[in-house]
Amino acid sequence: MTNVKFPTDFLWGVSSSAFQIEGASTEDGKGLSTVDTRKVKEGIADTAIASDHYHHWKEDISLLAEMGVKTYRFSISWTRIFPSGEGEVNQKGLQFYDNLIDELLAYNIEPLVTMYHFDLPQNLVDKYQGWLSRKTIDCYEKYAEVLFTHYGDRVKNWISINEELMVMYSQDFNGIRNLDEKQYKKAVFQMMYHMSLAEKKAFKLCHELVTDGKIGPANAFQNIYPATSDPLDVEAAMNAEEFLSYMLLDLSVKGKFPENTLRYLQKENLAPETLPEDEEILKNNKPDYICFNYYASLCAEFYTGLADDHMPPFFRSNRYRIVPNQTKSLSEWMVFGIDPVGMRISMRKLYNRYELPLMITENGYADSEELSDTFEINDEKRIGYLQLHLLECSKAIDEGIPLLGYSAWSFLDSLSGREGFSKRYGLVYVNRTDDDTKDLKRYKKKSFYWYQNAIKQNEFIVDEGKKNYDNK
Ligand code: BG6
């Protein structure tokens, strides 16, 4: 049995995002965003009600207080503040987050605010082609200015953009549907470059407008091992890791592309168009920390064809093929391999490369769950997953990594990226299914109580050898 301890200022938290929990997608002047207009699969819940947090926010924050978290990571919906992504500010939208932030602070919960989590204003897509245009950079900059000016007296910790990797590839998030396959393949990197410029502008503004303000990106870190010790697999893993993670993070931190990846993009005629004046903004504005989201590790093997169609688009490449980590436990929803040690390895990789403090802003266990007759959710597997990942956090801190905090994904059951409510990550159960909104009542899962106790004690005891989530 190991006693896992944390520094007294460790930021224990939970995470959420606006479109996945708020609902009220057209209420109080909110405009539509790409995640509202996307086509969801038949029978899957959409953003109209989600977890109905917009109407349960007070009760939800009291649950956070009961859980004892030190920080709460949530996102602001861009189209609540600017319904069209530009133009007039919606006062009711501003007010909603004023109330939320004030309530959190009343409970001594530090807000950690994501400015943009997948929900691009639809009007910016219709009018300018979204992130393909520099106009969207200007709109994001204006939005950032409003957020920092309005909330900066109370919110000190900011996240610029959640998972650029997902936004650049997913049409559901970036809204770009009018290009052919070849055009789209190139557009992906133009969108990425524009998002990188936009977030640099946010870093600059945050430092200018928010006293003691800190800001960083939230990266979907892909920790990739070579599938074998064959040097060609080793190189494939390097290619994949650089392409999927370091390209974005190097732009965020160093303001430039990794050389190998840039040459590849140029050779394939995929490199984005840049302007000479970008150099100054890219080079001079650094983040204060790196936030990263981590669920599993992956393996890559040598490959030169066009990778399998069943993989998500960002895993299709002619320089590597992504395969599950067969040495790790897989489950119904965690299909690539659960790897807690890999999270510590990721921290080491990130710190060695960037020498910035780190925050884990998402990490969690997905399962299909139903309330028992006694209104309980006995989510032992989630507890096991959290325990073993937090154990690695504690080890990383002991090894000298400046890890500021850990926010579990997710606070409430919410709309999953693609699978709605059939796939749940919450520490709090929300009583609805995809096709029946029921009473939307909240029920604390067993993991809620486990997490509450760990936070209270600032430590917990774990059997390192026991993997409760293991189906093998
Ligand atoms: C991250 C996102 O990619 O992963 C979250 O930031 C998302 O918004 C989470 O919910 C889990 O992914 P999914 O698709 O299982 O919900």
Side-chain angles (χ1 to χ4, degrees), residues 13-23 33-36 38 40-41 44-47 50-51 53 72-78 112-120 159-174 195 199 216-223 244-245 248-249 290-298 311-315 322 324 330-338 343 346 359-369 381-382 385-386 389 406-428 430 434 469:
V14 281
S15 285
S16 70
S17 95
F19 81 93
Q20 292 175 278
I21 62 168
E22 283 181 4
S33 69
T34 47
V35 289
D36 301 312
R38 70 182 171 161
V40 287
K41 274 185 268 165
I44 300 282
D46 60 18
T47 55
S51 314
H53 172 68
Y72 173 44
R73 178 196 177 211
F74 64 96
S75 79
I76 291 185
S77 154
W78 189 341
L112 171 59
V113 174
T114 313
M115 298 159 63
Y116 162 48
H117 192 124
F118 298 163
D119 45 1
L120 184 65
I159 295 173
S160 49
I161 298 180
N162 181 68
E163 300 192 351
E164 274 184 40
L165 180 70
M166 300 303 152
V167 180
M168 63 198 250
Y169 279 101
S170 165
Q171 293 175 307
D172 280 351
F173 301 154
N174 62 43
M195 279 189 275
E199 80 164 359
N219 185 269
F221 190 68
Q222 310 295 314
N223 177 36
L244 297 169
S245 296
L248 296 161
L249 282 170
I290 294 174
C291 301
F292 77 100
N293 302 340
Y294 176 93
Y295 291 88
S297 61
L298 305 165
M311 281 287 175
F314 41 90
F315 287 161
I322 297 295
L330 314 180
S331 73
E332 180 192 2
W333 295 114
M334 316 294 281
V335 293
F336 285 111
I338 299 173
M343 192 164 84
S346 304
M359 266 202 259
I360 292 158
T361 39
E362 286 183 33
N363 175 243
Y365 186 83
D367 215 345
S368 307
E369 290 165 326
K381 289 183 184 175
R382 181 167 297 110
Y385 181 98
L386 296 178
H389 284 82
Y406 170 97
S407 287
W409 184 269
S410 58
F411 166 34
L412 298 172
D413 286 342
S414 51
L415 280 183
S416 138
R418 285 165 298 276
E419 284 92 3
F421 280 85
S422 54
K423 182 183 188 184
R424 294 172 186 261
Y425 288 89
L427 304 194
V428 174
V430 175
D434 277 320
Y469 50 75

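Read the numbers this way: they start at 1 and go in the same order the structure lists the ligands and their atoms.
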Peer 1: Which residue supplies the protein heavy atom nearest to atom 7 (C) of ligand 1, what is that atom called, and how far is it?
Peer 2: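 The closest one turns out to be Gln20 NE2, 3.8 Å.
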
Peer 1: Once you restrict to heavy atoms under 4.0 Å, what part of Tyr425 touches ligand 1? Side chain, backbone, both or neither.
Peer 2: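 The answer is the side chain of Tyr425.
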
Peer 1: Around atom 16 (O) of ligand 1, find the nearest protein heavy atom and jot down its residue, atom name and distance.
Peer 2: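 Looking at atom 16 (O) of ligand 1, the protein heavy atom closest to it is Gly417 N, 2.7 Å.
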
Peer 1: Around atom 3 (O) of ligand 1, find the nearest protein heavy atom and jot down its residue, atom name and distance.
Peer 2: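 Its nearest protein heavy-atom neighbour is Glu163 OE1, 2.5 Å.
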
Peer 1: Compare Phe118, Tyr295, Phe19 and give the one whose heavy atom is closest to atom 9 (C) of ligand 1.
Peer 2: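 It is Tyr295 that holds the nearest heavy atom.
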
Peer 1: Looking at Asn162, which atoms of ligand 1 are within less than 4.0 Å of one of its heavy atoms?
Peer 2: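 Those of ligand 1 that fall under 4.0 Å from Asn162 are 6 (O).
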
Peer 1: List every atom of ligand 1 that sits less than 4.0 Å from any heavy atom of His117, numbering the atoms from 1 in the order shown and giving each element.
Peer 2: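 Ligand 1 atoms under the 4.0 Å threshold to His117: 2 (C), 5 (C), 6 (O), 8 (O).
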
Peer 1: What residue and atom, counting heavy atoms only, is the protein's closest point to atom 1 (C) of ligand 1, and at what distance?
Peer 2: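 Among all protein heavy atoms, the one nearest atom 1 (C) of ligand 1 is Glu362 OE1, 3.0 Å.
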
Peer 1: Side chain of Asn223, backbone of Ser297: donor and acceptor closer than 3.5 Å?
Peer 2: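 Judged by distance alone, no pair lies under 3.5 Å.
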
Peer 1: Is there side-chain contact between Phe173 and Val35, with at least one heavy-atom pair below 4.5 Å?
Peer 2: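 Yes. Closest side-chain heavy atoms under 4.5 Å.
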
Peer 1: Rounded to the nearest 0.5 Å, how far apart are CG of Leu244 and CD1 of Ile322?
Peer 2: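 The CG atom of Leu244 sits 6.0 Å away from the CD1 atom of Ile322.
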
Peer 1: Between His53 and Phe74, does the side-chain contact (heavy atoms from CB on, under 4.5 Å) criterion hold? Intermediate values first, please.
Peer 2: CA-CA 11 Å; His53 172 68; Phe74 64 96; over 6 Å; no

Peer 1: Let me know which of Trp409, Tyr385, Tyr425, Tyr365 forms a ring-ring contact (aromatic ring centres under 6.0 Å, His included) with Tyr295.
Peer 2: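 Answer after filtering Trp409, Tyr385, Tyr425, Tyr365: Tyr425.
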
Peer 1: Between Tyr116 and Trp78, which heavy-atom pair has the shortest distance, and what is it?
Peer 2: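 Reported closest heavy-atom pair: CD1-CE3, 4.0 Å.
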
Peer 1: For ligand 1, which atoms sit closer than 4.0 Å to a heavy atom of Ser416?
Peer 2: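 Per the distance check, 13 (P), 14 (O), 15 (O), 16 (O).
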
Peer 1: Is it true that the side chains of Gln20 and Ser17 contain a donor and an acceptor less than 3.5 Å apart?
Peer 2: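 Yes, a side-chain donor-acceptor pair sits under 3.5 Å.
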
